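These numbers come from a predicted model, not from an experiment. Just follow the structure's listing: the first ligand is 1, and inside any ligand the first atom is 1.
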Amino acid sequence: MSKINGGDSVLPVLIVGAGPVGLVLSILLTKLGVKCAVLEKNKTFSKHPQAHFINNRSMEVFRKINGLADEIMRSQPPVEFWRKFIYCTSLTGPILGSVNHMQPQDFDRIVSPVSVAHFSQYKLIRLLIKQLENIGFQITSEELRPDDVGLAEREVLLGHECTSIKTTDHGVTVTTSFLREGKHMEKNFRCDFLIGTDGAGSTVRKLMSIDMSGEKNLQKLISIHFMSQDLGQYLINDRPGMLFFIFNTEAIGVLVAHDLKQGEFVLQVPFYPPQQKFEDFSFKMCEILIFKLVGRELADIDVMDVKPWVMHAEVAERFLSYNNRIILAGDAAHRFPPAGGFGMNTGIQDAHNLAWKLASVINGIAPPSILSTYEMERKQIARFNTALSLQNFKAAMAVPAALGLDPAIANAVHKTINNTVGSILPSELQRAFLDGIFRIGRAQLSDSLLNENNPLGSRRLAKLRQIFEEGKSLQLQFPAEDLGFRYREGALVSDGNSLSSASETPTGQRRDYIPSTDPGSRLPHMKIQLLSELTRRETFSTLDLVSGENVQFLLIIAPIEESYNLARAAFKVAEELKVPLKVAVIWPTIDGISRSEKALSPWKNFVDAVEVKRSPSSPSWWDLCRMTDRGAILVRPDEHIAWREKSGTMNDPIYELKKVFHVVLGL
Ligand SMILES: Cc1cc2nc3c(=O)[nH]c(=O)nc-3n(C[C@H](O)[C@H](O)[C@H](O)COP(=O)(O)OP(=O)(O)OC[C@H]3O[C@@H](n4cnc5c(N)ncnc54)[C@H](O)[C@@H]3O)c2cc1C
Ligand SMILES: *[C@@H]1O[C@H](CO)[C@@H](O)[C@H](O)[C@H]1NC(C)=O
Ligand SMILES: *[C@@H]1O[C@H](CO)[C@@H](O)[C@H](O)[C@H]1NC(C)=O
């Protein structure tokens, strides 16, 4: 095999895997001034729609990526097409129940400046690539590159699979394998930090011998990507929705409507190997299966792709390796059931947590030890979201269970057959046996049984109604976990007097988000206007006070004497420690607002802003924060709260703030 040296240049950050997480990370790092490049094993970006739900917190991250959130909002299907989950015996047959997951208040932008979105992963990737190109990235592949050229910063290099990693005292060397004119070749690249965003089967994780803990192989599934405008148009007219849970005597499956207007769908069906074989799911067989679930044939059906995949609920035991120089993020660090849509979102938020910390280390603001707080903070969230997704998966199963179709039983039956007769019966017979049992199971769904006149049927239908009414089926929005997640330990100073009680074990119920300034929480959103732009009457979010363009901390205060003293002390400490700091002075009303210039002199990096209350009776900023205007809030570059002072009584602000920055940055 030919080996090529990829040049002597050493990149500060090399990202392995151009999925949504790797691409978001490369954008965030570049905005923060960190040089990076991305390696991707595939020659093209995947067209499989995969994840499709973007939660509020991810949209808030996207909002700061040059208009990305707006573009997603504009490009996604209208919400009328995706607000519902529908349960039915076939897409043209009776509806067993439907749940609307978007309430009017979900669009009023009170708790967040953006709403959730429904947008297929491959379309998101397309927009991320466009963003990367806008900031000077080039998407390249091997054919076009000279041999001895190293990986340039701002490059996404396709067709290169990371196959081995060597570490030295000075950094990391990555070997990739690629094809040139049909020949396998290898190339080495050097970097200071290597980030593994290479997905659920992460090579980087395996090469570092990092184990996963949790539950493996929860369920095997076949994912069928197909197009049919006929079906899309029919559903738009008859029963628009995002997810369709279909149970009938011939088949069961979950249909994800990625885009009704385009007629783009993914059908997920349970898969029981080795009795069932992947080869059984030929495009033709998939069409037949789809027709059984639709309840009629579709003249324009076009099966694009069929993929098997396995659902796990696992978190890597470590996110960091080799002196914090090798770091895992996204599915490489955690993989969980898609129920609730936390997979991709958790990964995007990993990238957001990691970007400013890496930038701090590379820009000399913090020592590499700050990266330990990445693992501390994100592992806790990954574990929580794994448990939540597992819970959601179970909630999703409540409906088939109520219909007498418990998937846990199906799995147990399969296991029993596999483990008992599996070694005796020829595989054809095993398969017939399994199919027979499943058919008997699905017989529970026949019209003659599942109707109001049949005592068992009517009991089951009543149970179903109860599940839907009590909100015990699968939910779409999780406000308490989406915006309300909080880091408990890490790059923050806990004040031991935290109010929020977000429990350690998820409930899976729609609990509402309570804005909080407990250290580790995301800064609450409130509409504000800037004094400098009052005449334009443009409103901003408090989240906009935090810069996405450099690693900068933000101190929020009210315009009172003690707080100005504190702010001056903070500026002084920050200057000494070379930590960029901005101060935001929040004024309660427009009357009497003036520039804080004199009070903060000689420091200049401040903004004056005024609260924009929804109505005279809505809470003011400090009420929303459950503090008084004597308090102060220190916010990290990722909009999470590093520290707060509730009462404003501090004997020696310089000493206190030094302590705070030392703890937060791990100095
Ligand atoms: C078929 C399928 C259907 C899914 N459906 C849903 C869904 O409906 N809802 C949901 O929420 N989630 C779904 N997911 C999960 C969701 O897609 C992931 O959570 C999300 O993609 C994670 O993003 P990531 O960037 O961490 O990893 P990935 O998107 O997996 O990206 C990893 C990238 O790394 C590349 N790579 C891997 N190994 C190497 C290597 N050695 N060298 C170089 N590059 C490498 C891969 O080619 C890939 O491009 C699905 C996943 C699959 C596979
Ligand atoms: C997302 O933000 C919107 C707009 O503020 C809000 O109405 C909705 O409740 C939020 N959803 C979650 C899950 O937090
Ligand atoms: C089925 O049996 C095979 C061979 O004995 C085994 O490897 C596999 O793990 C079993 N699968 C299940 C789901 O029990």
Side-chain angles (χ1 to χ4, degrees), residues 15-25 38-42 45-46 48-57 59-60 102-116 120-121 124-125 157-163 174 176-177 196-204 206-207 217 220-223 225 243 254 256 258 266 268 272-275 305-311 328-348 350-351 389 411 414-419 422-423 475-484 510 512-513 525:
I15 297 166
V16 175
V21 178
L23 295 179
V24 167
L25 181 63
V38 187
L39 288 175
E40 165 59 44
K41 75 171 176 197
N42 289 327
F45 295 99
S46 162
H48 198 92
Q50 290 182 219
H52 55 91
F53 182 68
I54 309 179
N55 74 12
N56 275 21
R57 189 56 190 145
M59 285 296 277
E60 289 181 352
M102 297 296 283
Q103 312 296 330
Q105 71 264 24
D106 291 327
F107 303 99
D108 55 19
R109 310 202 164 188
I110 292 171
V111 300
S112 170
V114 270
S115 191
V116 300
S120 307
Q121 186 171 326
L124 174 63
I125 296 269
L157 177 55
L158 301 176
H160 279 246
E161 178 171 6
C162 162
T163 49
V174 174
T176 64
S177 108
T197 52
D198 50 349
S202 173
T203 306
V204 175
K206 284 176 197 147
L207 291 172
N217 302 329
K220 295 196 172 69
L221 294 154
I222 296 278
S223 172
H225 176 201
L243 296 185
V254 180
V256 185
H258 277 266
V266 172
Q268 313 266 21
Y272 296 96
Q275 286 76 17
D305 190 15
V306 182
K307 273 190 175 169
W309 66 289
V310 186
M311 204 145 82
L328 302 179
D331 273 19
H334 41 68
R335 39 189 199 184
F336 25 84
F342 277 91
M344 180 176 73
N345 288 301
T346 306
I348 288 164
D350 290 342
S389 303
N411 285 329
H414 173 238
K415 212 178 212 144
T416 313
I417 292 184
N418 190 47
N419 294 348
S423 50
Q475 299 298 296
L476 179 64
Q477 296 207 63
F478 300 86
E481 292 81 12
D482 175 338
L483 294 174
R510 180 169 177 152
D512 282 321
Y513 160 69
H525 154 76

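Ligand 1 does not have Arg335 within reach: every non-hydrogen atom of the residue lies 4.0 Å or more from it. Within the 4.0 Å heavy-atom cutoff, Val114 counts among the residues contacting ligand 2. Residue Pro20 places a heavy atom under 4.0 Å from ligand 1.
When only non-hydrogen protein atoms are considered, atom 28 (P) of ligand 1 lies nearest to Gly199 CA, 4.1 Å. Annotation: atom 43 (C) of ligand 1 to nearest protein heavy atom, Lys41 N, 3.3 Å. Looking only at protein heavy atoms, the nearest one to atom 34 (O) of ligand 1 is Gly17 CA, 3.1 Å. Atom 40 (C) of ligand 1 has as its closest protein heavy atom Cys162 N, 3.7 Å. Nearest protein heavy-atom contact of atom 13 (C) of ligand 1 is Ala51 N, 3.8 Å. At the top of the distance list for atom 4 (C) of ligand 3, counting protein heavy atoms only, stands Asn418 ND2, 4.8 Å. Looking only at heavy atoms of the protein, atom 31 (O) of ligand 1 is closest to Gly19 CA, 3.4 Å. In terms of protein heavy atoms, atom 48 (C) of ligand 1 is closest to Glu40 OE1, 3.5 Å. Shortest contact from atom 37 (C) of ligand 1 to any protein heavy atom: Asp198 O, 3.2 Å.
A 4.5 Å side-chain heavy-atom check between Gln50 and Pro20 finds every atom pair outside the cut-off. In this structure the side chain of Met344 reaches within 4.5 angstrom of the side chain of Ile54, judged on heavy atoms. Considering only heavy atoms from C-beta on, Asp331 stays 4.5 Å or farther from Val21 through its side chain.
For Thr203, every heavy-atom contact with ligand 1 shorter than 4.0 Å involves the side chain, none the backbone. Within the 4.0 Å heavy-atom criterion, the part of Leu483 lying near ligand 2 is the side chain and not the backbone. Neither the backbone nor the side chain of Thr176 has any atom closer than 4.0 Å to an atom of ligand 1 (non-hydrogen atoms only). At a heavy-atom distance under 4.0 Å, only side-chain atoms of Val16, from C-beta outward, approach ligand 1. Of all the heavy atoms of Asn55, none lies under 4.0 Å from any atom of ligand 2, so neither backbone nor side chain is involved.
Within a 4.0 Å radius of atom 14 (O) of ligand 3, the protein contributes at least one heavy atom. Under the 4.0 Å distance rule, the nearest protein heavy atom to atom 11 (N) of ligand 3 falls inside the cut-off.
In terms of N/O distances under 3.5 Å, ligand 1 is approached by Gln50. Considering backbone and side-chain N/O of Ser223, none are found under 3.5 Å from N/O of ligand 1. For ligand 2, the polar-atom distance check against Ile110 finds a nitrogen or oxygen pair separated by under 3.5 Å. Of the N or O atoms in Asp331, one or more lie within a sub-3.5 Å distance of an N or O in ligand 1. Between Gln121 and ligand 1, a contact under 3.5 Å exists for at least one N or O pair. Annotation: Val21 places an N or O atom under 3.5 Å from an N or O atom of ligand 1; distance criterion only. Between Gly330 and ligand 1, a contact under 3.5 Å exists for no N or O pair. For ligand 1, the polar-atom distance check against Asn42 finds a nitrogen or oxygen pair separated by under 3.5 Å. Considering backbone and side-chain N/O of Ser112, one or more are found under 3.5 Å from N/O of ligand 2.
Although no hydrogens or angles enter the test, the distance criterion places no donor-acceptor pair under 3.5 Å between the side chain of Asn55 and the main chain of Gly341. The backbone N or O of Gly343 sits nowhere less than 3.5 Å from a side-chain atom of His334 that would complete a donor-acceptor pair. For the pair Thr176 (side chain) and Cys162 (backbone), a donor-acceptor distance under 3.5 Å is absent. Although no hydrogens or angles enter the test, the distance criterion places no donor-acceptor pair under 3.5 Å between the side chain of Asp198 and the main chain of Gly17.
Residues Ser223 and His48 have side chains that bring a donor and an acceptor to within less than 3.5 angstrom of each other.
Closest approach of Glu40 and Ala18 over heavy atoms only: OE1-N, 2.8 Å. Across all their heavy atoms, Gly22 and Thr197 have their closest contact at CA-OG1, 3.3 Å. For Asp512 against Ala480, the heavy-atom pair with the smallest separation is O-CB, 4.2 Å. Between Ser120 and His258 the shortest heavy-atom distance is OG-ND1, 2.8 Å. Across every non-hydrogen atom of Gly201 and Lys206, the tightest pair is O-NZ, 2.9 Å. For the residue pair Phe336 and Ser389, the shortest heavy atom distance occurs at CD1-OG, 3.4 Å.
For ligand 3, the atoms closer than 4.0 angstrom to any heavy atom of Lys415 are 14 (O). The atoms of ligand 2 that sit less than 4.0 Å from any heavy atom of Arg109 are 4 (C), 5 (O). Taking every heavy atom of Gly343 and a limit of under 4.0 angstrom, the matching atoms of ligand 1 come to 19 (O). Of all the atoms in ligand 2, the ones that sit under 4.0 Å from a non-hydrogen atom of Asp108 are 7 (O). Heavy-atom contacts of Pro338 reach the following atoms of ligand 1: 7 (C), 9 (N), 10 (C) (cutoff under 4.0 Å). The ligand atoms of ligand 3 that sit less than 4.0 angstrom from a heavy atom of His414 are 13 (C). The atoms of ligand 2 that sit less than 4.0 Å from any heavy atom of Asn56 are 1 (C), 2 (O), 3 (C), 8 (C), 10 (C), 11 (N), 12 (C), 14 (O). Atoms of ligand 1 lying under 4.0 Å from at least one heavy atom of Thr197, given by number and element, are 32 (C), 33 (C), 34 (O).
Atom CD of Gln477 and atom CG of Leu483 lie 9.5 Å apart (nearest 0.5 Å). Here the CG-CZ distance, from Asn56 to Arg109, works out to 10.0 Å after rounding to the nearest 0.5 Å. Here CD of Gln121 is found 12.0 Å from CZ of Phe45. Values are rounded to the nearest 0.5 Å. Of the inter-residue distances, the one linking Met311 atom CE with Gln268 atom CD reads 9.0 Å to the nearest 0.5 angstrom. Atoms CG and CE, on Asp482 and Met59 in that order, are 11.0 Å from each other to the nearest 0.5 Å. From Thr163, atom OG1 reaches atom CG of Leu207 across 8.0 Å, with rounding to the nearest 0.5 Å.
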